[in-house]
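These notes are about the structure you will find just below.
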Amino acid sequence: KGIRLEQEEGDSTSQKGFPFLVRIANKDHYIIPYSFFDGIENIRDDIEGAIVQDPEIGLSEDYVLCLFDYMSEYPCQIIGENLCRSTFIPPEFREYMLKKYGKDKIIISPTTNHWFVNQDIKEGILPKVEKFLMAARAVVKKEMKAYQPGSDLYEVLNVRQTQLKISCNGLYGLTIARHNGICWNEVGESVTDFARLQINRSKDILAQELPNSKVIYGDTDSLYVAMLDFKIDYKWPKDRINEVLKCAREKGSKVADIIT
C-alpha cells in the first residue's frame, strides 16, 4: 500500500500523496494501478493551466501592495467541487444521471463542460484524501504549539506538517500525469477551470470594492494588488507609515472576507 522505490527516486511532489490515495481507495474497494499505458485515449498534454498574469515592470514603492492568496487553492477546489475520476460522468451517461438525480446533484465545470456527481451522491476518492491530509496537518500544527520553536521535537513536527502540505498540494498533479492510475485529464482540467473562475471572480470583486486599485501580478492562486488610495513615502515618520499600513490592511481584510 505504497509506491515503488524507483518512483520515490523522482522529484515529483505528486508522488508523495500516492500512498495515501492507495490506502483510502482500498477502503472504498478500489484498486489503483501504478501506471497507465501511453495509449490511453484520454491522456493528453494540452491541459490548460492556471491564470498567470504578466507582472507590471518597475519598482512599486509609492503605494501599499496587498497580496490576496488562496490557501490550498487546488485541494479546496477538489473538495468543494467533488472532483475525481470516481465521480466523473462520461458524456454517454449524462442524460441518464440528469434524469435520475436532477441538475442540483451534478457539478459542471465552467468552460470545459465536464460533469461530476456531488457529494450527496458519492464522495470522490481525491476529495477524501485531501480532507485526510488537511486534517492530519492541522493536528500536527496544533501539536507544534506545545514545543519551543527550534527545539528538536518542534523541528521534527515542522518537517512532518510540511510534507503533509506538499502531499496535499501535489495530488492535483496525479490527475494530469500519465505515470499513475488516477490520471484523468477531465479531472485536472476541471480543477484549473474552477480555479480560473475563482481568480476572475476575485478580480471583479476587487474592481468593485477597490475601484482605485490595479492587479500588478497574478499567478495561480494569488493576486498582487496595488492599493492606489494608500500612498506611502518611506521618508515619513514611522507612526504615519504604520497608520497607513493599518488602514490598508483593514480595507484589504474586508475585501478578502467578501471574496471568500
Side-chain angles (χ1 to χ4, degrees), residues 1-28 30 32 34-35 49-50 52 64-80 83-84 123-177 179-183 188 191 195 198 217-224 238 241-242 245-246 248-250 252-253 256-257 259-260:
K1 294 182 179 181
I3 61 176
R4 295 171 295 184
L5 181 59
E6 61 267 28
Q7 289 177 294
E8 183 60 30
E9 291 176 350
D11 58 358
S12 173
T13 57
S14 62
Q15 284 292 349
K16 298 182 183 298
F18 193 77
F20 300 102
L21 180 65
V22 172
R23 292 168 190 165
I24 292 179
N26 283 349
K27 291 180 180 179
D28 281 2
Y30 284 94
I32 299 179
Y34 278 111
S35 63
V52 179
V64 176
L65 296 180
C66 186
L67 169 62
F68 292 87
D69 181 76
Y70 285 96
M71 183 177 65
S72 304
E73 170 72 1
Y74 284 179
C76 288
Q77 295 296 346
I78 290 173
I79 294 171
L83 304 178
C84 182
E123 185 175 17
I125 303 296
L126 277 178
K128 285 184 179 181
V129 179
E130 295 285 23
K131 285 181 179 179
F132 170 81
L133 291 172
M134 293 175 79
R137 185 181 179 223
V139 170
V140 175
K141 292 186 72 174
K142 183 177 181 181
E143 189 176 350
M144 287 174 63
K145 295 179 180 180
Y147 302 97
Q148 190 72 20
S151 65
D152 290 344
L153 284 174
Y154 182 93
E155 293 304 321
V156 167
L157 292 172
N158 189 38
V159 170
R160 183 178 298 173
Q161 71 87 14
T162 299
Q163 292 304 312
L164 287 167
K165 177 183 178 180
I166 292 173
S167 298
C168 184
N169 290 333
L171 277 179
Y172 156 75
L174 294 176
T175 67
I176 58 173
H179 59 68
N180 68 87
I182 199 66
C183 178
V191 173
Q198 184 84 331
Y217 178 60
D219 186 353
T220 309
D221 60 355
S222 305
L223 293 173
Y224 294 77
K238 186 175 180 180
I241 293 175
N242 288 338
L245 293 175
K246 179 183 176 182
R249 189 179 298 112
E250 290 175 352
S253 295
D257 289 340
I259 291 175
T260 55

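All heavy atoms count here, side chains included; hydrogens, waters and symmetry mates do not. Keep in mind that this is a model prediction, so the values were computed, not measured.
- With rounding to the nearest 0.5 Å, the separation of CG in L21 from CG in N26 is 9.5 Å.
- Residue pairs meeting the side-chain hydrogen bond (donor to acceptor under 3.5 Å, both in side chains) criterion with at least one partner in residues 68-77, sequence neighbours excluded, are D69-S222, Y70-S202, E73-Q77.
- With sequence neighbours excluded, the residues satisfying salt bridge (charged side-chain N to carboxylate O under 4.0 Å, His left out) with E123 are K131.
- By the salt bridge (charged side-chain N to carboxylate O under 4.0 Å, His left out) test, K128 pairs with D28, sequence neighbours left out.
- F68 approaches A256 most closely through the heavy-atom pair CE2-N, 3.9 Å.
- Closest heavy-atom contact between Q148 and Y154: O-CB, 3.3 Å.
- Listed by first then second residue, pairs satisfying salt bridge (Lys or Arg N to Asp or Glu O under 4.0 Å) with a partner in residues 139-153 number zero, not counting sequence neighbours.
- Here the CG atom belonging to L164 is positioned 11.0 Å from the CG atom belonging to N169, to the nearest 0.5 angstrom.
- Contact between L126 and T175 at its shortest, heavy atoms only, is CD1-CG2, 3.6 Å.
- Every side chain to side chain contact (heavy atoms under 4.5 Å, CB included) that Y217 has, sequence neighbours left out, goes to P55, D219, Y224.
- Here the straight-line distance linking atom CZ of R160 with atom CG of N158 works out to 11.5 Å at 0.5 Å rounding.
- I166 contributes atom CD1, which lies 9.5 Å from atom CZ of R137 (distance to the nearest 0.5 angstrom).
- Residue T162 holds its OG1 atom at 10.5 Å from CG of L157, rounded to the nearest 0.5 Å.
- Annotation: side chain to side chain donor-acceptor pair (under 3.5 Å) contacts of Y30 (sequence neighbours excluded): K122.
- Residue C66 comes nearest to G252 through the heavy atom pair SG-CA, 4.3 Å, listed as atom of the first residue, atom of the second, then distance.
- Minimum interatomic distance between M134 and C168 (heavy atoms only, all atoms of both residues): CG-SG, 3.5 Å.
- Closest approach of P127 and I79 over heavy atoms only: O-CG1, 3.9 Å.
- Put simply, CD1 on I24 and CG on L133 are 7.0 Å apart, with the number rounded to the nearest 0.5 Å.
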